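Take a look at the structure set out below.
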Amino acid sequence: MATEGEKQTVFDVEAANMLTKELRDVFASGKTRSYEWRISQLKSMIKMCDEHEEDIAYALHQDLSKPKLESIVYEITMLKNSCTLAIKELKQWMMPEKARTSLLTFPSSAEIVPEPLGVVLVISAWNYPFLLSLDPLVGAIAAGNAMVLKPSEFSPATSSLLAKLLPEYLDISSIKVVEGAVSETSALLEQKWDKIFYTGNGRVGRIVMAAAAKHLTPVVLELGGKSPVVVDSGIDLQIATRRIIAGKWGCNNGQACVSPDYIITTKDCADKLVDSLKKELETFYGKNPLESKDLSRIVNSKHFSRLTKLLDEDNEVSRKIVYGGERDEANLKISPTILVGVPRDSLIMKEEIFGPLLPILIVRKIEDSFDMINSGTKPLAAYLFTNNKKLKEQFVASVSAGGVVINDIAMHVAIHTLPFGGVGESGTGSYHGKFSFDAFSHKKAVLYRSFMGDAAMRYPPYTQGKLRLMKAFMTSNFWTILRTLFGRS
C-alpha cells in the first residue's frame with residue numbers, strides 16, 4: 001500500500017484544465033516569444049542529448065531492443081540536427097516577409113509576420129519515441145509557443161526518461177510533459193489548444209481530429225499507410241535490395257511510418273529480387289535473425305499478436321512465405337519475412353503492416369503498378385527503383401503520396417528542405433526544417449498605409465464614373481487606369 005507521499009496525482013480533465021490555464025498565462029506574459037528564450041531552449045535540448053546519449057539509447061533498447069546505432073543516428077543525431085538548423089536559421093525565420101501591394105492601396109507597404117499560435121499539444125508515437133516526441137517540439141519552441149508533450153505509453157522507458165529530463169533542461173513553466181495512457185490523453189483532448197500535433201495511426205488520428213473540431217483547433221496528423229516499392233528490371237539489384245532492407249528491417253524492424261509495406265514487380269524480376277533479398281538479409285542478420293542484435297523487437301504482445309494474425313489468416317498467407325516467418329513470442333521477435341503472391345484481399349494487403357513482413361506482388365508490366373497503388377488510400381511514401389527516365393516522370397506525376405523517393409528508401413526524411421507529411425488518409429500538414437517552424441506559426445498579414453492618397457472613388461455616393469475607375473484600379477493595370485481617367489474606357 002502506497003504511503004500518502006507516494007500517491008500519484010490523478011491527471012483528469014480538471015488537472016488538464018489547470019495545466020492549460022497555467023500555460024496560457026505564461027504565453028500571455030510574452031516569455032516564449034523572445035528570440036533569446038527560443039535559442040536557449042534549443043541549445044539546452046542539444047546539451048541534454050550530449051549529456052544523456054547513453055541513457056536515451058538504453059531507454060530505447062528497453063522499449064524496443066533498438067540497436068544502439070539506430071538509436072544514436074536515427075533518433076538522437078537527427079534531433080540534434082533539427083535543433084542546430086533551427087538555431088542557425090531562427091533569425092531569418094522570424095523576420096517579416098515583404099509582400100507586394102497594388103495600385104488600389106497606393107501608397108502602402110505590406111508584410112507577412114510570423115507569430116506563435118499560442119499553447120500547443122504534441123502527442124507522440126512509440127516507434128521512434130525520442131525523435132517523434134522532441135522533433136515537433138523543436139518547431140513549437142522555434143515558433144515561440146508554450147506546449148505540452150504527451151509521450152506514448154507503449155514506450156514507457158523513453159516516456160519516463162523524457163518526463164525526468166525535460167524539466168531538468170527546458171523551461172518547466174512553458175514546456176510540460178504529461179505521462180499516461182488513454183484517460184490522460186482524453187483529458188488533454190478535452191481542452192482547447194491552438195494546435196494539436198499527433199503522430200500515430202489513422203484510428204486515433206480520427207479521434208484527435210474529432211476532438212479538435214469541437215474547438216476548431218487546427219491539427220497536424222502524421223499517420224502512415226501502405227507505402228509501396230516498385231522495382232523495375234535493368235537496375236543494380238544488389239544496391240536496390242540493400243536499400244530496401246535498410247529502409248524496411250533497418251528502420252526499427254519495419255515499425256516505421258515510411259517503412260516499405262509491399263513490393264510490386266514483374267514476374268521476370270521477382271525471382272531475382274527474392275534471391276537477392278535472401279542473400280543480403282543473411283549477410284546483414286545471419287542465418288538466425290531472431291538472435292541478431294541488429295534487429296529491433298516488436299514493441300509489445302498486442303502488436304506481436306496483430307502481426308501473427310496477418311500471417312496466419314486462413315493459412316492462405318503463411319503458405320506464401322518464401323523466406324523467414326520464424327517467431328519468438330517470449331522475446332517478441334519476428335524474423336524478416338518475405339511473401340510472394342499473397343491474395344490482394346487478404347488482411348496483410350488491407351492493413352498497414354508496421355512490422356517485419358514484406359509481401360511481393362506480381363504485375364504483368366511495371367506500369368500496372370501505378371493503378372494498383374492509386375486504387376488504395378494515398379500512402380505516406382512511395383518508392384520506385386528504375387533507370388527509366390520516362391517511368392520516373394510517370395511515377396512522380398501519377399502516384400499521389402506524402403513523399404516520393406526514386407532509387408532509395410526513406411531518405412527524404414533526412415532532407416530538411418523537403419516537407420515531411422502525408423496526404424489524404426496518410427496525414428495532413430507537414431514539418432521538418434522551416435516547415436516545422438511554419439507548422440506552429442500563424443502567418444499574419446499586415447498592411448501599412450498613410451493618410452496620403454485618399455481616393456474619393458471608394459466613398460458614396462456611388463456613380464458610374466466611380467464604378468469604372470474602381471474596376472480599373474482593381475486590375476492594377478496602369479494603362480487601363482489612364483484610359484479610364486481620360487474617358488477612353
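Because the structure is a prediction, the values reported are computed rather than measured.
Note on ring orientation: taking the six-membered ring where Trp is involved, the planes of His303 and Trp126 are tilted (angle from 30° to 60°).
Two residues are said to be in side-chain contact when any heavy atoms from C-beta on lie closer than 4.5 Å; Pro289 and Pro336 meet this criterion. A heavy-atom distance below 4.5 Å is found between the side chains of Leu447 and Thr105. Inter-residue side-chain proximity for Thr308 and Arg327 is flagged as met; some heavy-atom pair is nearer than 4.5 Å. No side-chain heavy atom of Val148 sits under 4.5 Å from any side-chain heavy atom of Val177. Contact annotation: the side chain of Leu384 never approaches that of Val404 to less than 4.5 Å [non-hydrogen atoms, C-beta and beyond]. Contact check for Gln41 versus Ile175: side-chain heavy atoms found under the 4.5 Å cut-off. Within the 4.5 Å cutoff, side-chain heavy atoms of Phe354 are placed close to those of Arg306. With a 4.5 Å cut-off on side-chain heavy atoms, Leu23 and Phe27 do not count as touching.
Side chain of Lys176 to main chain of Ile172: a donor-acceptor pair is present (N/O by atom type, distance under 3.5 Å, no hydrogens or angles). Under the 3.5 Å distance criterion, the side-chain polar atoms of Asn331 are left unmatched by any main-chain donor or acceptor of Lys333. In this structure, the side chain of Arg38 engages the main chain of Ala142 through a donor-acceptor pair within 3.5 Å. Proximity of a side-chain donor or acceptor of Arg297 to a complementary backbone N or O of Val299 within less than 3.5 Å is detected.
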>> Would Ile298 and Gln255 count as a side-chain contact (heavy atoms from CB on, under 4.5 Å) here? Give the steps.
In response: CA-CA 8 Å; Ile298 308 306; Gln255 298 170 110; 3.9 Å; yes
>> Quick one, Glu282 with Lys287, criterion salt bridge (Lys or Arg N to Asp or Glu O under 4.0 Å). Give me CA distance, side-chain angles, the key distance, then yes/no.
In response: CA-CA 6 Å; Glu282 188 169 313; Lys287 292 184 181 296; 2.7 Å; yes
> Given the rule in the side-chain contact (heavy atoms from CB on, under 4.5 Å) test, do Val13 and Gln191 qualify, once you have shown the distances and angles that lead to the verdict?
Replying inline: CA-CA 8 Å; Val13 173; Gln191 309 307 307; 3.8 Å; yes
>> One pair to check against side-chain contact (heavy atoms from CB on, under 4.5 Å): Ile373 and Lys226. What are the steps and the verdict?
In response: CA-CA 9 Å; Ile373 295 167; Lys226 298 190 72 63; over 6 Å; no
> Going through the checks in order, is the side-chain hydrogen bond (donor to acceptor under 3.5 Å, both in side chains) test met by Ser346 and Glu313?
Replying inline: CA-CA 8 Å; Ser346 58; Glu313 183 191 2; 4.7 Å; no
>> Could you walk me through whether Ser227 and Val258 satisfy the side-chain contact (heavy atoms from CB on, under 4.5 Å) test, starting with their C-alpha distance in whole Å, then the side-chain angles of each, then the deciding distance to 0.1 Å, before giving a yes or no?
In response: CA-CA 7 Å; Ser227 298; Val258 291; 5.6 Å; no
> Under the side-chain hydrogen bond (donor to acceptor under 3.5 Å, both in side chains) criterion, do Asp312 and Ser318 qualify, and how do the steps go?
Replying inline: CA-CA 6 Å; Asp312 292 344; Ser318 59; 4.8 Å; no
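In this structure, the separation between CG on Leu277 and CD1 on Ile263 is 5.5 Å, given to the nearest 0.5 Å. Summarising the geometry, atom CD1 belonging to Ile264 is positioned 5.0 Å from atom CE belonging to Met372; distances are rounded to the nearest 0.5 Å. Between Leu166 atom CG and Leu162 atom CG the span is 6.0 Å, to the nearest 0.5 Å.
Every residue two or more places apart in sequence or in another chain was checked for a ring-ring contact (aromatic ring centres under 6.0 Å, His included) with Phe130, and none qualifies.
Pairing each heavy atom of Asn145 with each of Leu117, the nearest pair is OD1-N, 2.9 Å. Contact between Asp261 and Gly225 at its shortest, heavy atoms only, is OD1-O, 4.2 Å.
Around NZ of Lys47, the count of heavy atoms belonging to other residues, nucleotides or ligands within 6.0 Å does not exceed 12.
Ring to ring, Phe197 and Phe440 are close: their centroids are under 6.0 angstrom apart. Annotation: Tyr169 is in aromatic contact with His52 [ring centroid separation under 6.0 Å].
Counted by atom type alone, Glu291 and Tyr285 present zero donor-acceptor pairs between their side chains at under 3.5 Å. Looking at Glu326 and Ser335, their side chains do bring a donor and an acceptor atom within 3.5 Å of each other. For the residue pair Lys31/Ser173, the side-chain donor-acceptor check at 3.5 Å is satisfied. A donor-acceptor contact under 3.5 angstrom links the side chains of Ser159 and Glu179, judged on distance only.
Between Asn253 and the choices Ile334, Asp294, Leu295, the side chain to side chain contact (heavy atoms under 4.5 Å, CB included) rule is met once, by Leu295.
The side-chain tip of Lys91 points at the ring of Tyr35 from less than 6.0 angstrom away and within 45° of straight on. A cation-pi arrangement is found for Lys66 relative to Tyr128, the charged atom lying closer than 6.0 Å to the ring centre and inside a 45° cone about the ring normal.
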